Protein chains: 2
Amino acid sequence: MKAERAHFFNFLKEKGLKLTQQRETILNAFLKTEKHVSVEDLYNIARRKDSTIGQATVFRTLKLLAEAEIASHVDIGDGIRRFEHRYNHKHHDHLICLKCHKVIEAVDESIEQRQEALCKKFSFQPVSHRLEIFGVCKKCSGKVKN
Amino acid sequence: MKAERAHFFNFLKEKGLKLTQQRETILNAFLKTEKHVSVEDLYNIARRKDSTIGQATVFRTLKLLAEAEIASHVDIGDGIRRFEHRYNHKHHDHLICLKCHKVIEAVDESIEQRQEALCKKFSFQPVSHRLEIFGVCKKCSGKVKN
DNA sequence: ATTGATATTGAAATTCAAAATCAAATTATA
DNA sequence: TATAATTTGATTTTGAATTTCAATATCAAT
Ligand SMILES: [Mn+2]
Ligand SMILES: [Mn+2]
Ligand SMILES: [Zn+2]
Ligand SMILES: [Zn+2]
């Protein structure tokens, strides 16, 4: 969490941008949570530290964090853009429960390797990818009803 | 294309819905294209057959086609919902060119199998999944500039 | 073929997250 | 501190997705 902060402060300086109280508050709030947060989620969290903070600033700061490669987008399939930690976090796929909306993070190296091979087959240069598996989690499938 | 039509007509009857000229026009337009079409795309295509057709009807019919499992959603990553053929079409993943927006359809059986294994590891019952790889296609990577 | 209950239609309005606007406030550097 | 540049938050705007509703079409039963 220290490294991310230093990285962001440096990113701002290099871009000729300013380090503001709001940006620091929002960064801290983001780093403190391990969830996949929407702009609104993070807005509500950050507001607890500084009630005068605006949604627009959270929106813009999250965008900056993505540019700085501290955050990245996640699409859980509900049409709302969410963000997760990226700095020093490995790539992973998501298993998303359709009932309780829990998100399991997982990686399978051989899936990753096979994707590389698949791209090669089409002379396609991969830049990024996303794999989301929708289904029912252990807890929810154990329930009798619903 | 004949089977899909029969299937849709049957779907409508079973649901107590009506077969209208608009629905037939829109279904035909959808079946005729092999592209990943947005509501607006299909609206523009269908309008050539019947200029009085409305966007809302295209939207609603596409929704019905998805329910009838004739169409399914595709997310190319540009925030616009698209649809593709589903009836008698196997599952596949997408390689999406960031430069020319070409979409390559591909499947790797061992990726699919590994996904199953990954789910098992978490006692997760998969219902559906999507894998999108973003990158640069052969044609675009061959170009000197841009 | 006519009826009539019910579903459907298209134009327009609404929703809602994402993005843009802008005057006032804050920051960085000298 | 003075200055120029950036940032802020309230507000507005955008645009795709979805809903509304009065007029129209469908279809099973006459
Ligand atoms: Mn994640
Ligand atoms: Mn496809
Ligand atoms: Zn669950
Ligand atoms: Zn290309």
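Proteins come first, then strands; the chains are lettered A, B, ... in the order of their sequence lines, and each starts at number 1. Side chains included, hydrogens not; waters and symmetry mates left out as well; all remaining heavy atoms used. Since this is a predicted model, take the numbers as computed values, not measurements.
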Peer 1: Could you tell me whether the side chains of B:H89 and B:E34 share a donor-acceptor contact shorter than 3.5 Å?
Peer 2: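 No.
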Peer 1: Is it the case that A:T25 and A:N28 place a side-chain donor and acceptor less than 3.5 Å from each other?
Peer 2: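 No, no side-chain donor-acceptor contact under 3.5 Å.
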Peer 1: How close or far is atom P of C:dT8 from atom CG of B:L12, stated in whole angstroms?
Peer 2: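 Going from CG in B:L12 over to P in C:dT8 covers 8 Å.
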Peer 1: Nearest whole Å is fine: how far is D:dT7 P from A:I53 CD1?
Peer 2: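 Nearest whole value for this atom pair: 15 Å.
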Peer 1: Using the side chain to side chain donor-acceptor pair (under 3.5 Å) criterion, which residues pair with B:S72? Sequence neighbours excluded.
Peer 2: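 Checked B:S72 against side chain to side chain donor-acceptor pair (under 3.5 Å); zero matches.
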Peer 1: For A:V136, what are the other residues in its hydrophobic cluster, where any two members join if their side-chain heavy atoms are less than 4.5 angstrom apart?
Peer 2: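 Once heavy-atom contacts under 4.5 Å are chained together, A:V136 still belongs with nothing else.
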Peer 1: For the pair made of CG in B:D75 and P in D:dA16, what is the distance, rounded to whole Å?
Peer 2: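 Whole-Å distance recorded here is 14 Å.
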Peer 1: Within this structure, what is the OH-to-P distance between B:Y43 and D:dT18, rounded to whole angstrom?
Peer 2: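 That distance rounds to 18 Å.
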Peer 1: Please encode protein proximity along nucleotides 17-30 of chain C as a string of B, S and -, counting only heavy-atom distances under 4.0 Å.
Peer 2: -SBBB-----BS--
Peer 1: Any ring pair (Phe, Tyr, Trp, His ring centres under 6.0 Å) pairs touching residues 111-141 of chain B, not counting sequence neighbours?
Peer 2: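 Only B:H91-B:H129 qualify under ring pair (Phe, Tyr, Trp, His ring centres under 6.0 Å).
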Peer 1: Roughly what angle, to 10°, lies between the helix axis at the start of the helix from C:dA1-D:dT30 to C:dA30-D:dT1 and the one at its end, five pairs per end?
Peer 2: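 One end axis against the other gives 30°.
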Peer 1: Report which part of the nucleic acid B:T52 touches: base, sugar-phosphate, or nothing (heavy-atom distance under 4.0 Å, all strands).
Peer 2: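 If one applies the 4.0 Å heavy-atom cut-off, B:T52 turns out to touch the sugar-phosphate alone, with no base involved.
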Peer 1: In whole angstroms, how far is the C1' atom of D:dT7 from the CD1 atom of A:I26?
Peer 2: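 To the nearest whole Å, that distance equals 11 Å.
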Peer 1: How would you list, by chain and number, every residue that makes a ring pair (Phe, Tyr, Trp, His ring centres under 6.0 Å) with B:H92, sequence neighbours excluded?
Peer 2: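 B:H92 satisfies ring pair (Phe, Tyr, Trp, His ring centres under 6.0 Å) with B:H94 once adjacent residues are dropped.
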Peer 1: My understanding is that only residues two or more places apart in sequence, or in another chain, count here; which of them pass side chain to side chain donor-acceptor pair (under 3.5 Å) with B:N88?
Peer 2: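 B:N88 satisfies side chain to side chain donor-acceptor pair (under 3.5 Å) with no residue once adjacent residues are dropped.
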Peer 1: Could you tell me which residues satisfy ring pair (Phe, Tyr, Trp, His ring centres under 6.0 Å) with A:F8, sequence neighbours excluded, listed by chain and number?
Peer 2: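 Expected list: none.
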Peer 1: Given atom CG of B:D50 and atom P of C:dT8, what is their separation to the nearest angstrom?
Peer 2: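 Roughly 17 Å, once rounded to whole Å.
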Peer 1: Give a yes/no on whether any side-chain N or O of B:R23 is located under 4.0 angstrom from OP1 or OP2 of C:dA7.
Peer 2: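 Answer is no, no contact under 4.0 Å.
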Peer 1: Who are the side chain to side chain donor-acceptor pair (under 3.5 Å) partners of A:S110, not counting sequence neighbours?
Peer 2: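 In terms of side chain to side chain donor-acceptor pair (under 3.5 Å), with neighbours along the sequence ignored, A:S110 is linked to A:D108, B:R114.
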Peer 1: Within residues 66-73 of chain B, find the residues that approach DNA chain D with a heavy atom at under 4.0 Å, and present them sorted by residue number.
Peer 2: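 Hits under 4.0 Å, by residue number: none.
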Peer 1: Taking CG from A:L42 and P from D:dG9, how many angstroms apart are they, rounded to a whole number?
Peer 2: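 It is 13 Å, rounded to the nearest whole Å.
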Peer 1: For A:Y43, enumerate each residue passing the side chain to side chain donor-acceptor pair (under 3.5 Å) test, keeping only those at least two apart in sequence or located in another chain.
Peer 2: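 A:Y43 satisfies side chain to side chain donor-acceptor pair (under 3.5 Å) with A:R47 once adjacent residues are dropped.
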Peer 1: Please state how far atom CG in B:L62 lies from atom P in D:dA16, giving the value in whole angstrom units.
Peer 2: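 So the two atoms are 15 Å apart, to the nearest Å.
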Peer 1: Only counting residues at least two apart or in another chain, list the ones meeting salt bridge (charged side-chain N to carboxylate O under 4.0 Å, His left out) with A:R60.
Peer 2: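 A:R60 satisfies salt bridge (charged side-chain N to carboxylate O under 4.0 Å, His left out) with no residue once adjacent residues are dropped.
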